[in-house]
Each structure stands twice: as C-alpha cells, then as structure tokens.
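For reference, the structure discussed in these notes is given below.
Residue numbering restarts at 1 for every chain, and letters A, B, ... go by the order of the sequence lines.
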Number of protein chains: 2
Amino acid sequence: MPYRAPVADMLFTMTHAAGLEEGLYPDLGDGAAASILDEAAKMAEGVLAPLYRIGDREGATFANGTVTTATGWPDAYRRWTEGGWMGVTAPEAHGGMGLPHLLNAGCIEAWNGANMAFALAPLLSVGAIEALVAHGSEDLRRIYLDRVVSGEWAATMNLTEPQAGSDLAALRTRAERAPDGSYKITGQKIFITYGEHDLTPNILHLVLARLPDAPAGTRGISLFLVPKFLVREDGQRGAHNDLRCGGIEHKMGIHGSPTCTMIFGDDGGATGYLIGEENRGLPCMFTMMNNARLSVGLQGVGVAERATQTAIAFASERRQGRAPGASGEGMSPIVDHPDVRRMLLTMKATTSAARAICYMTAQALDQAHRGTTPEARRAGLERAGLLTPVAKAYATDTANEVASLGVQVHGGMGFIEETGAAQLMRDARIAGIYEGTNGIQAIDLVQRKLSLSGGAAFKAELDSMREVIARLQEQEDPRFGTMPRRLSEAVEALFEGSETLLEQLAEDPAVALAGATPYLRLFALARGGTALASLAMAENAESGTWLTQARFFAENVACAAPSLASTIAEGASCILAADAALAV
Amino acid sequence: MPYRAPVADMLFTMTHAAGLEEGLYPDLGDGAAASILDEAAKMAEGVLAPLYRIGDREGATFANGTVTTATGWPDAYRRWTEGGWMGVTAPEAHGGMGLPHLLNAGCIEAWNGANMAFALAPLLSVGAIEALVAHGSEDLRRIYLDRVVSGEWAATMNLTEPQAGSDLAALRTRAERAPDGSYKITGQKIFITYGEHDLTPNILHLVLARLPDAPAGTRGISLFLVPKFLVREDGQRGAHNDLRCGGIEHKMGIHGSPTCTMIFGDDGGATGYLIGEENRGLPCMFTMMNNARLSVGLQGVGVAERATQTAIAFASERRQGRAPGASGEGMSPIVDHPDVRRMLLTMKATTSAARAICYMTAQALDQAHRGTTPEARRAGLERAGLLTPVAKAYATDTANEVASLGVQVHGGMGFIEETGAAQLMRDARIAGIYEGTNGIQAIDLVQRKLSLSGGAAFKAELDSMREVIARLQEQEDPRFGTMPRRLSEAVEALFEGSETLLEQLAEDPAVALAGATPYLRLFALARGGTALASLAMAENAESGTWLTQARFFAENVACAAPSLASTIAEGASCILAADAALAV
C-alpha cells in the first residue's frame, strides 16, 4: 500500500506528549500546525513516496567522477525545495520559515517515511544551515546561507576517514592557511552522504580538518566550508574546486543515497573557509550533529511507521487458516490470528513510543530557543541533551525491530524484494549506525547526560514520568489492566538503574559503560511507556487506539524494565573479564 | 576472516549438553565423532566457504526455463557429494553412512556456516531421503533412493502455492489417477528452493497435491514423487516430464539459492508416483518437515557462528578511541570497549545456547530411533517433538539478532556489502520464515507439544533443567555470580508460564495463542541457559570461556524470563481487543 503520513497521530502526539498547546508555539495555533503537516503529507505522499522503489532498484550510479541519482530524483528535489521545506526551521531573514523544531519533526518523519534515501540529502543540508547560522561569519552567511535554505545549493558533512569513524580525534585531513585568509584542504573522507550528485549545481562540503600547528586530539580540529565550485566576486558559480568524488559504496540499503569517498587537494589543496574559530571545529560540528541525531531518530520513526502501515494492510488482506473463534466460512485474514496481532501491535506501539520520545526532544530544542527566561532555555537545552541519545538510539533500534517484524508478517513474501518489506529493513539498518552508533549514544547518555547539572536534568525527566504514573493510578480505570503497575515498575527501575550507574561511574567507569546499552533501553521503555500513557489518558474514546497501544507497550514491552535494571547491576563483571571467550 | 567450523565447541556441546558419551552412540566413540567433524570442517572451509560471496554477487540466474547456479557451484556440489555427505544419516543399505543425527547436526551447522545458500540444496534432498525411507514403496526406493543418497540426483519439497503458505489446507494442485497406477499432476507451486538448477542431471520433486475425490482440508492431501526426467525401464534417465520452472524470485538474501515457481502439467499433467497412502500426504510431509525444521535451526546456528567469528575478528583488529583503563599509547582495539564486548558476548552466548538446544533436539531424534526400549524411543520422539519448534525458532531468531549485531560491531563498514556482515544478515532473515514461520513454531509448541502425553514430555524437560539448577546451587561457586539465581528464576518462570498457558488453553485458546511467541522465547532462555550452565560446570579451567558465556547469558539474557511470564499472563487481553488500533 502507498505510504500515508500519519498527520492525526503526529498532531495528537505533539499535543498530548510534547506540549504543542502549552505556550511555546503561538505560531502554530488556530490549526496552523495541521495545515502545514497536511501540506507536508501531500509532498511526501505525492512526490517522494512514488520514487521509493525506483531509488532502491536503480540506485545512485557513479561514472567518471560524477554521480547520477535515480530517475525522477532531481525533479522531486526541485519540487520539494520549491515548497520551501528545506527552510522550515531556518531564520526568516535567510528565507526560511522560522518554524519550531517540533513541527519540523513531523515533516522530517514524513519525508523519511516516504523515502528515506531521498530525505538524507536535505537532512545534511539542514545541518549545514544550523552550523552557518550559529558559527558562520557574516561573509559566509551572505554568500552561502540563503542558497542552502532555498535548496539551490546542497550541503554535506565530511567527518569520517578510514581510520577515524567513531573516534574523530584520529582524523588526518589537513588544512593550511593561505595568504588570502582562506585555507588549503588536503585529505580523504569516506562515507560522505550525497557527497556528489546531480540534484544541485553546487555542493557545499563542511569538512573537519587539522591545522599544521593544531593540538593533538579533538581539540585540534577545525571546521571548513569547502564548495565544489568556488563562488566569484559577483556571487555566481566559478571554477571547480580541487576536490572530487572517488567512488560510491555498494550498500545493503538506501541505494538511492550516494555514499561517497571524497578526495580533497589532489592538485595542491581545495580552497576552504573557516567556520567558527580555529581548533574549535568539533563544538561547531556538534551543533549540527545533535540536531542530525534527532533527525536520524525521526528517520527511524518514519521507516517504522511505513513498515507498520504496510504490514497492517497486508495482514488485513492476506487470508490463511482460521483464527480462533472466527465466524463464517473460509480462511481468516491473518490480522485475526493472535500471534500476528502481537507482531502488529509491537510494531505500532513501539513506533508510537519512539515518535513520542523524538517529538519531546524536538520540543525541548524549541524550549532551548524560545523559552521566555534563561532558566527555561537552559532547562530546554539540557533536556534536549538528555533525550537526544535516547531518541536517536531507541527510534532507530525500533526501526530495525519493526522493519524486521514487517518482513515476518509478510511471511515468504516478505523476503521477496517485490513486496517492499525487505527494502524497509535493509534501509533502516544504517540508522542505528550513522551519526554516532547507538552504542555511542548509550555512552553519551551515561557518561555525559545523566549527570548534567548535577543530575537535575535527569531528575526533572524522572519527575515528569512519575507525574504520569500518579495520574494513571488516580484514575483506577479497569481498562488500564496492569499498565499502571508495569509502568511504575519501569520508572522505578530507571531510577534504580540510574543510581547504580552513578555509583559505578564514580568507582569504575568501565563497569558503567558495560551497562550503557541496557540503560538506554530502560530509559526509553520508561519514557516511551509513560508518554503513551499520557496519550491514552488524553483520548476520548471507549476502545481507544492509544489506550490499546499504551497498555500493550506496558504489559508486553516495558515489563522488561526490571530485568534491564538487574543487568545493569550484575552484568558487567563477566563482560569485563571475557578476554578468553572473545579471543580470536 | 575465513569461516572456521568450531569443531571443538561442537564436540564439547555434544558431549556435555547432548549426551554424546551416554550410551546411545557406540559408533561415535574412540574419536570417531571428532574425525568425521574434522573432515566436515575441511569440506566446509575449503570447498563451500570460498563460494559464499560469489553466490551472493552472481546469484542463481534464470533464462529460458533453466537455472544456472553461480560460478563454481556445480563443482563444489560434486566434491561435496563425493565426500558422501548427503548420506550421513541415510541407511547403509542405500549407500548412506547410517550415522546419528547428533553428529550430522554438527555437519549441517558447518555447511550452513560456510555457505547457507549452497547448503539448502542438500537440506531438501535429505528431507526426501527421509520421506522415501519411511514411506516410499519398494519400487520407489529401488529406483530413486540410492541416487539421492549419493547426490547423483537432487530432490525438492513442493508445498507452497500462492494462496497456501502457512495454511496447507488451501492447496489446489491436482492429482488424477492414471491407468498405469501413476498420477497426473497439475498446478503451480511457488517458493520452491532449488526447484531447478544445473547441479544434477535429474531433480526429484516431492509434491503435495489433491485427488479429485479427496476430502477437503489437510486430510485430503497426498504426496507424490514427480521427477524432472522420467526414468526408463533400464533405470536410465528418460523423457522430460511435464513440468517446468516458470521463474526465480529476486530475494533479500540467499541469492545463490534459486527460489523457483514450478509449473506442473502444462501439457496434460506431470507423471507422479504416490508416496505413502492417498490422502495421507501430510503426515509423510511432516516426517521431512520435522527434521527440516531442526536443519533450519542449525542454519541459524551456522550463520550466527560465522557472524560471531567475523565480528570478533574485526573488533580485535579495528582500533578506535581509548578503552577505559587502557595501557600504552594510541587507540584501543574496539573489542576492549565494554559496549562492544557486550555485543560480542551476546552474539557468542546466544549462538552457543541455540547450538545446545539444536544438538539436544538431534540427540532426542537419535533416541527415538536408537533407544533400547519402546519407552525410551517414545520418550525420545516426544522430546524431539517438544524441542523442535524451540530449536527452529530460537536458533533462527538468534541468527537474525546476532547477524544484525554483527553489522553493528562493524559500524559503517557493516552496511557496506564488501565486508560480508550485511550478507549474513540478509541471508539469515529467511530462516525465521520458511519451514513454518517462527510464529507457527510457537503455536505448535503451545497447542500440540506442551500437552504431549498429558504434559509428561514437558515435565521431563523441566526436571532436567531443575537438576542443572540444583547442581549449580550445590557448587556455591563465587565465579557463577548471580547465574544460579537468574537461571532458577528462568526455569520457574517457564513452569509458571506453562501452567498459565494450559489454563488459558482450556478456557480460551485465543488467549494462549497470543502468548505463544513470548512463551517459546521463555522456553529457550530456560533451556539454553541451563544447557550453557551444564557446559560451564563441565569445563576444567579457571577463566573458562563456557563459564563466561553461561554467566553472561544468565545475567544479561535469561534474566528477561520473569517479564516474559508476566506477558503471557497479562498481555493477551489488549491484543485480542485491538481491532480499532489495527484498522487499516
């Protein structure tokens, strides 16, 4: 079935889990949010989704240094940018809409549900917009920013090198100061998403490199803007810069997205312009990275949503066997078989939980920018910091699990490429890896985020979960089943797990790091489960779909929380002592 | 790194979890088992493994009704059959080795670890051997059996039709009685593994079809042998039968294995010969299916083992960041990072647990055939029946999880096809679907196997797990950590879950079926965890690799057992009431 952007679910989640109507968003009142999401849905469904399978089958192709995207992609890119979608959150002064991240979260979800490989191109351009807005000089902004916001020129992020993946301290690309104030960049980058393509006449590469006199490690990295074509005095496209695409990767999924090797400085050095200060490139990059991490989480939500829609549609059509208690004659639609229902509800509820967490993170980002007091802005920033690794890792783990369940629901047909279920699984797989692997997210959560402001950010989050539990328990609604109890256990297991980790961090960080991944999952189960409960309580229906999801999540997914807490407490010792078992 | 068949681990598991030295196997004493496994390892590593990537890249190709396998496959098939490997468990009277299933379990694991797409060809031929031995007439056995055992001719299983996947009652392929005692077969089958290929000069199709006067449903299905080429009076290959391959599928993985649409009777009907009795085809098919299900479980073990080996090797070479407490200078191998260790141990320990369950199942099959008393044989048969769905589903779920973790350990490189990690994940995905989806396995376990002999088979299995727990607790070994407690909780959660399910089955089967999948997983955690504990207790080493795996499994994987029991008790109600949430 065709992808449908779930606008009603998006709005309900924004409103009842992420505070759309709680004062931060005067610009989204009076149905403005719904109108914009409806427009985004039309674009996603009408323009991007029809190219999803073509992108997989044709893929991006490389020949003679140039990359050709799949049939229809340049036209779709043109239509998408003409809609102004590149600039949803960009400043109005630079041609953007200046709208909040929360609203854009719904848009990003829709682009990725429609066509993940396509949506990667703008995802990285948006990162460049943010870096230029926050750190670009007046000159750089004047020359480049409007053109990225309009989509006329695209942008990329050039971080990874063969020896420097998760560990950026190891990067070797060099930058030398030129007499005119620019820099000469030399080096090789790999895994550069949309590093070369035919969607735009120019591509702006944001490149991490090291100056000759830079300190070792991450404090000696600078960020440069290195355009594919230099810009002349008159603002027009000039000479080709000294950089080229050396090839593209043959990947498991997202075939439509060219993953490039980029070579800078074959001929003496590519001209680059410093963004921010020398040796302060990493903080600049993290401006982009944090938002990109949330965007990757939203990719996960989009793909998981599409997999869920596809599986429910298939299960409603496909008939096999007779479901227990089936009336009438003949085979039942497989959606009536309890085990298939379990799979479908797992897909639906975990997707909704991931969406809620991502939207909450977007709301926190908005609070960081729009909060009326410095305290509110600071609290927003810290909450965004705390939730970002959870949003990224849980949503992409969920995408992997949900897309794999989607294949399973299709049975043998799921393994055949024509069905499309397999593509969703293959595409989704990268999202848990790039923009910081999910293991890196877990480590970030445990090592840096848990102790933000002496633990105040975490404490505030815990309090907001406990508040949901209190409301749940107060209602004494028999339709809730054991949800209040299971969610309460999950939240208290999170508290307990956090206490354990903080002690371990003080005594032996290795022990804490061994528990980082189960801790992130525990966090997501508690946060996602209570968010779904909020949605269920806001629902005005006897057999509510949010209630079903919330209860299912509590009784079948979040109930694993206590075992995660025990793993955090007990699991590290044999992990750290496993040398013999892990010998080659 | 190249695949290495883990012969030492296989033997240790056979001996200390599956009773290799406990009387059933006089033919495997004095190092015979080790010698044969060493030979199998040579064949797997030297002949099959080198063709693994080629099979994926080239795939099997279809043109003009014929299928061409990838470069080198016919030669490898010839060498493999010359080694006699098709007939490991086949009767000596028909050219087989007459060796036990337990030993062959190691061999099957090795073929699949080396090259899953290749190993599917013999997997199905072995099923045909079993069906012919058990149900074939004297004539059929005389003409065909030796030639399948020797590998001269291959065989297939033709079950699925477009409208009949999990539900064989719906199949429509027709068989009409011919005057000479043969039958005319007409119909279309899909998803026929190695339905057509260039490995052998003839292919024997075992086909399920329906006679004109057959009762409706599964009691009206008969099994036929339908050779691609008819056999002349003199035993030589004769005329082409009225059947053809209509095409092959474009699949997510196992590209080397042709998945065929088979069309029978374009020209009046393909000649087929009845196997067993009319309308009793399904029991005959289940003779093959049960063993094939164990073989698919072993596919899962093989692929998981290979993914684990590959990931450990990569993690030992690849350096990124500094691990906590690292000495010396420079980056640490990522195997030293606690979060990576967690992934690798998850891979290793769950693979070992799946292997132990599969080998236990094979031992039970041997007991069913070799037991010295009717009671022992019956107990073996029932234990095999009980464990088969667990072996199939848990081992293939494990393969999916482990192969996906393997991609994750490789980081960005894992998503690039050149690394090989992605192929393992793509290949593994089908194993949870074919030969009865893992949902079907769970339903089989709950509806048919749990109550075998009034629950005696389950009770015996539970007792054997409790015996392990008692030994664990007796030893009071501090190296065990919380393993005794966590495994005891898992076994008692299994007991509790079983009691719950039996009550639910009596009251409302739909409720029980909603809990079937978590129940199967609970069963596997308890059975796999206690099996690993047996291996750990049998190990004679201070920092034993089995102890590490057993303890890791208990403290990090099996600890989820109580939450699975609670899901079984509580989860069904909202699953069954989820109509609104699952509406299209």
Note, B:F553 side chain near B:L345 side chain (heavy atom, < 4.5 Å): no

Closest-packed option against chain A by number of heavy-atom pairs under 4.5 Å, given B:R318, B:Q309, B:Q423: B:R318

Validation row: B:L547, B:F480 side chains within 4.5 angstrom (heavy atoms): yes

Trace of the side chain to side chain contact (heavy atoms under 4.5 Å, CB included) decision for A:F552 with A:T346: CA-CA 8 Å; A:F552 178 85; A:T346 304; 3.3 Å; yes

Contact winner vs chain B - A:G412, A:A572, A:A512, heavy-atom pairs under 4.5 Å: A:G412

Exam field: side chain A:R322 to backbone A:A326, donor-acceptor pair closer than 3.5 Å: yes

B:S166 versus chain A, the contacting section by heavy-atom distance below 4.5 Å: both

Among the listed options B:L513, B:L582, B:V557, B:T437, the residue most often paired with chain A at heavy-atom distances under 4.5 Å: B:L582

Chain B contacts, top residue of A:M331, A:M343, A:M425, A:Q408 (heavy-atom pairs, under 4.5 Å): A:Q408

Proximity breakdown for B:A169 and chain A, heavy-atom pairs closer than 4.5 Å: neither

Residue among A:D336, A:V407, A:T419 with most heavy-atom pairs under 4.5 Å to chain B: A:V407

Pairs of heavy atoms under 4.5 Å with chain A: top-ranked of B:A578, B:S316, B:A349: B:A578

Student check: side-chain heavy atoms of B:V511 and B:L576 closer than 4.5 Å: yes

Full working for side chain to side chain contact (heavy atoms under 4.5 Å, CB included) between B:E249 and B:T261: CA-CA 8 Å; B:E249 304 289 351; B:T261 299; 4.0 Å; yes

Carboxylate-amine/guanidinium contact B:R486 A:E570, below 4.0 Å: yes

NZ/NE/NH1/NH2 to OD/OE distance under 4.0 Å, B:E539 and B:R551: no

Top contributor to chain B interface from A:A422, A:A510, A:G515 [non-hydrogen pairs under 4.5 Å]: A:A510

Donor-acceptor under 3.5 Å (B:D427 side chain, B:G253 main chain): no

Closest-packed option against chain A by number of heavy-atom pairs under 4.5 Å, given B:A569, B:G432, B:P509: B:G432

Proximity breakdown for A:Y434 and chain B, heavy-atom pairs closer than 4.5 Å: neither

Contact class of A:T517 relative to chain B, heavy atoms under 4.5 angstrom: both

No-hydrogen, no-angle side-chain donor-acceptor test under 3.5 Å, B:S404 and A:R429: yes

Side-chain heavy atoms of A:R341 within contact of A:L344, under 4.5 Å: no

NZ/NE/NH1/NH2 to OD/OE distance under 4.0 Å, B:R319 and B:E329: no

A:M413 versus chain B, the contacting section by heavy-atom distance below 4.5 Å: both

Heavy-atom contact with chain B under 4.5 Å, split by part of A:A554: neither

Segment of A:A583 engaging chain B (4.5 angstrom heavy-atom cut-off): backbone

Atom group of A:P162 that falls short of 4.5 Å from chain B, counting heavy atoms: backbone

Engaged part of B:A164 at the chain A interface, taking heavy atoms whose separation is under 4.5 Å: backbone

Option in B:H410, B:R426, B:Q549, B:H337 with maximal non-hydrogen atom pairs under 4.5 Å from chain A: B:R426

A:N438, part contacting chain B, at a heavy-atom distance under 4.5 Å: both

For chain B, the option from A:I430, A:V584, A:I440 that forms the most heavy-atom pairs under 4.5 Å: A:I430

Under 4.5 Å from a heavy atom of chain B, the part of A:R4 involved: neither

Leading residue by heavy atom contact count with chain A [cutoff under 4.5 Å; candidates B:Q320, B:E555, B:K251]: B:Q320

Exceeds 12 heavy-atom contacts within 6.0 angstrom, atom CD of B:E418: yes

Any side-chain heavy-atom pair of B:C559 and A:S566 under 4.5 Å: yes

Portion of A:D579 that has a non-hydrogen atom of chain B nearer than 4.5 angstrom: both

